[in-house]
Each structure stands twice: as C-alpha cells, then as structure tokens.
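This report concerns only the one structure given below.
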Amino acid sequence: MGVAIRRAGAADRADIVRLLDEAFIQDPVSSWVFPGEEHRRRMHGGLMGAFFDLALAEGYVDVTEDGDAAALWWSVPGGAAEGEEDGPALLREAVDAENERVELIGRLTDAIHPTDRAHEYLHMIAVRPGRQGEGLGTELVDAVLERCDREGLHAYLEASNARSRDLYARLGFDFMGTTLDLPDGPRMWPMWREPRGVVGGVSG
C-alpha cells in the first residue's frame, strides 16, 4: 500500500487529539467510561489529550502524512516498576475527577499488563471514520512490528472488540487466555506478540 508515515510531535497534538476523539467517541470502552453521551462529548477529548501526552512522554506517536490515522505506542521496560506515581488516580483528577471509571479502567488494564519483559505497547490506534477499512491502521502497526522483529522486541495490546482482535491475530498477536470484562461493560482481549524470526533472543 505504501502509506507515508511520520513520527508526530507536540505540534501535532491538536490535530491528533481531534482524530482520537472522532474515532473513539462511540467506541464501546469510551462509552463505558463516559456512559452519558452529552457528558462523553464534553469530556472525551480531554481523555484523548491525556493519552496523547502520555504517549509522547513514555513512547511515541506515529501518524500518516495525510493525518487520517495515528497510533499511540508506549515503550515499556521489563521488570515491575516501584515508587511511581499513581497514574490512574492522577489521570482521573486531570480529566474527570468525579468519574471513578476513568481511574478504574487504568487500574484494570494495569493489572493485566505484562511486566516481566520489555515490549512495545500499542495503547491506541485511530483511523478517521471515513477512511476505515482501507488498511491504514495495519500499515501503522506493521511499521512498528517490522522494527520489533529486527530488534527482537515483544509487543502487547488490548483489543477492545472482536473485529480488532481478529485483525491483530493476523498480525501475529496471540490472545493471552483471559479476557478483561469491564464491570457491566464490554470485553477486552489482552494480546501478546513474540518477535518473528528470533530464536533464543538472537535474530535468525
């Protein structure tokens, strides 16, 4: 397909946050975090902005040159982190202090997130609604997975619906065996990908 991809920076924040807001406003997980539609429309963009800022701080954001698709990745070191700030509580305070689900989604996903090996974490991927189904998301993910394979890096994500789960399976991600069922909400599938062409930690 040959989609042009570049690394985003702080100057891209407004455009990419708008894209994330547009792409995820009706997502099952977003609808669970903000169950009231009017409230969601007011607060959802703030959550997307916080996620963009976290990705720039903890990893990177890739965007297609036309701005119609973006992926937020975190580079996660191996080993359990100690002495860090309470991220989910800080996120709730910054985004929607009265909404306990903003904090709860962070705690639940943190609890299932593997910590024993360094990996690239695909936190979010957004494609503008009018461009979905054209392969833009796959191109964004493939670009990082190719590097993971070259460098022997693992990758991880949580699929938020069965369609994306099946797409990620085709890209080499394996369901880890236990779903995350949000209380009175949708199901998420934690998925892990071993680097391809790597044996015993050395590229083959």
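The figures that follow rest on heavy atoms only: side chains count, while hydrogens, waters and symmetry mates do not.
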Taking every heavy atom of Ile105 against every heavy atom of Met188, the minimum-distance pair comes out as CD1-SD, 4.2 Å
Residues forming a side-chain contact (heavy atoms from CB on, under 4.5 Å) with Asp15, sequence neighbours excluded
Arg18
If you round to the nearest 0.5 Å, how far is CZ of Arg107 from CZ of Arg92?
9.0 Å
Could you go through the side chain to side chain contact (heavy atoms under 4.5 Å, CB included) check for Leu182 and Leu180 one step at a time?
CA-CA 6 Å; Leu182 298 176; Leu180 169 57; 4.2 Å; yes
Looking at residues at least two apart in the chain, or sitting in another chain, which of them share a salt bridge (charged side-chain N to carboxylate O under 4.0 Å, His left out) with Glu37?
Arg41
Tell me every residue that passes side-chain contact (heavy atoms from CB on, under 4.5 Å) with Ala23, counting only those two or more places apart in sequence or in another chain.
Ala126
Test side chain to side chain contact (heavy atoms under 4.5 Å, CB included) on Arg117 and Trp192; report intermediate values, then the result.
CA-CA 11 Å; Arg117 287 169 287 179; Trp192 184 263; 3.6 Å; yes
Arg147: what forms a salt bridge (charged side-chain N to carboxylate O under 4.0 Å, His left out) with it, not counting sequence neighbours?
Glu120, Glu151
Does Tyr60 belong to the same Ile/Leu/Val/Met/Phe/Trp/Tyr cluster as Val141, with side-chain heavy atoms less than 4.5 Å apart forming each link?
yes
What distance separates Leu20 CG from Ile125 CD1, expressed to the nearest 0.5 Å?
10.5 Å
Using only atom types and a distance under 3.5 Å, with no angle test, would you say the side chain of Ser75 pairs donor to acceptor with the backbone of Gly59?
no
Near Gln132 CD, under 6.0 Å, is it more than 12 heavy atoms from other residues, nucleotides or ligands?
yes
Applying salt bridge (charged side-chain N to carboxylate O under 4.0 Å, His left out), name anything that partners Asp68, two or more places apart in sequence or on another chain.
Arg128, Arg131
Do Val102 and Ile112 belong to the same hydrophobic cluster, where Ile, Leu, Val, Met, Phe, Trp and Tyr are linked whenever their side-chain heavy atoms lie under 4.5 Å apart, directly or via other members?
yes
Do Leu104 and Met124 share a hydrophobic cluster, counting only Ile, Leu, Val, Met, Phe, Trp and Tyr and linking them when any side-chain heavy atoms are less than 4.5 Å apart?
yes
Contacts of Pro28 meeting side-chain contact (heavy atoms from CB on, under 4.5 Å) (sequence neighbours excluded), chain-then-number -> Pro186
Step by step, work out the side chain to side chain contact (heavy atoms under 4.5 Å, CB included) result for Val61 and Trp73.
CA-CA 6 Å; Val61 178; Trp73 293 87; over 6 Å; no
Trp32 side chain to Pro183 main-chain N or O, any donor-acceptor pair under 3.5 Å?
yes
Any donor-acceptor pair under 3.5 Å from Arg193 side chain to Ala155 backbone
no
Is the count of non-hydrogen atoms from other residues, nucleotides or ligands lying under 6.0 Å from Glu93 atom CD greater than 12?
no
Applying side chain to side chain donor-acceptor pair (under 3.5 Å), name anything that partners Glu58, two or more places apart in sequence or on another chain.
none
Rounded to the nearest 0.5 Å, what separates atom CH2 in Trp74 from atom CG in Leu157?
13.5 Å
Between the OH atom in Tyr156 and the OG1 atom in Thr115, the distance rounded to the nearest 0.5 Å is 11.0 Å
Residues in side chain to side chain donor-acceptor pair (under 3.5 Å) contact with His154, at least two apart in sequence or another chain
Glu194
Dump the intermediate steps for side chain to side chain contact (heavy atoms under 4.5 Å, CB included) on Glu158 and Met191, then the final yes or no.
CA-CA 6 Å; Glu158 299 110 6; Met191 304 184 75; over 6 Å; no
Considering non-hydrogen atoms only, spot the tightest contact between Gly172 and Arg196 and give its length.
CA-NH2, 3.1 Å
Once rounded to the nearest 0.5 Å, what's the spacing between atom CG of Leu136 and atom CG of Asp66?
6.5 Å
Val29 reachable from Phe173 in the ILVMFWY side-chain graph, under 4.5 Å edges:
no
Taking every heavy atom of Ala71 against every heavy atom of Leu122, the minimum-distance pair comes out as CB-CD1, 4.1 Å
Aromatic rings His39 and Phe34: how do their planes relate, parallel, tilted or perpendicular, breaks at 30° and 60°?
tilted
Drop me the distance from Leu108's CG to Glu103's CD, to the nearest 0.5 angstrom.
10.5 Å
Given the rule that I, L, V, M, F, W and Y join up when any side-chain heavy atoms are under 4.5 Å apart, are Ile5 and Ile16 in one cluster?
no
List, one per line, each side-chain donor-acceptor pair under 3.5 Å for residues 45-54, sequence neighbours excluded.
unit_1	atom_1	unit_2	atom_2	d
Asp53	OD1	Arg13	NE	2.8
Asp53	OD2	Arg13	NH2	3.0

Across all chains, not counting sequence neighbours, the side-chain contact (heavy atoms from CB on, under 4.5 Å) partners of Arg6 are Asp12, Val63, Glu65
If the plane angle is over 60° it's perpendicular, under 30° parallel, otherwise tilted; pick one for His119 and His113.
tilted
Just do the salt bridge (charged side-chain N to carboxylate O under 4.0 Å, His left out) check on Asp96 and Arg40 with the steps written out, would you?
CA-CA 10 Å; Asp96 191 1; Arg40 188 184 328 132; over 6 Å; no
Here the pair of heavy atoms bringing Leu140 nearest to Ala70 is CD1-N, 3.5 Å
Examine distances only and state if a side-chain atom of Ser30 and a backbone atom of Asp27 form a donor-acceptor pair shorter than 3.5 Å.
no
Where Trp189 and Ala162 come nearest, the two heavy atoms and their spacing
CZ3-N, 3.7 Å
Which pair of heavy atoms, one from Pro35 and one from Arg101, lies closest together, and at what distance?
CG-NH1, 4.1 Å
Donor-acceptor pair, side chain of Arg165 and main chain of Ala159, under 3.5 angstrom
no
Go through the structure and list residues passing side chain to side chain donor-acceptor pair (under 3.5 Å) with Asp62, not counting sequence neighbours.
Arg7
Under the rule for salt bridge (charged side-chain N to carboxylate O under 4.0 Å, His left out), what residues qualify as partners of Asp181, not counting sequence neighbours?
Arg187
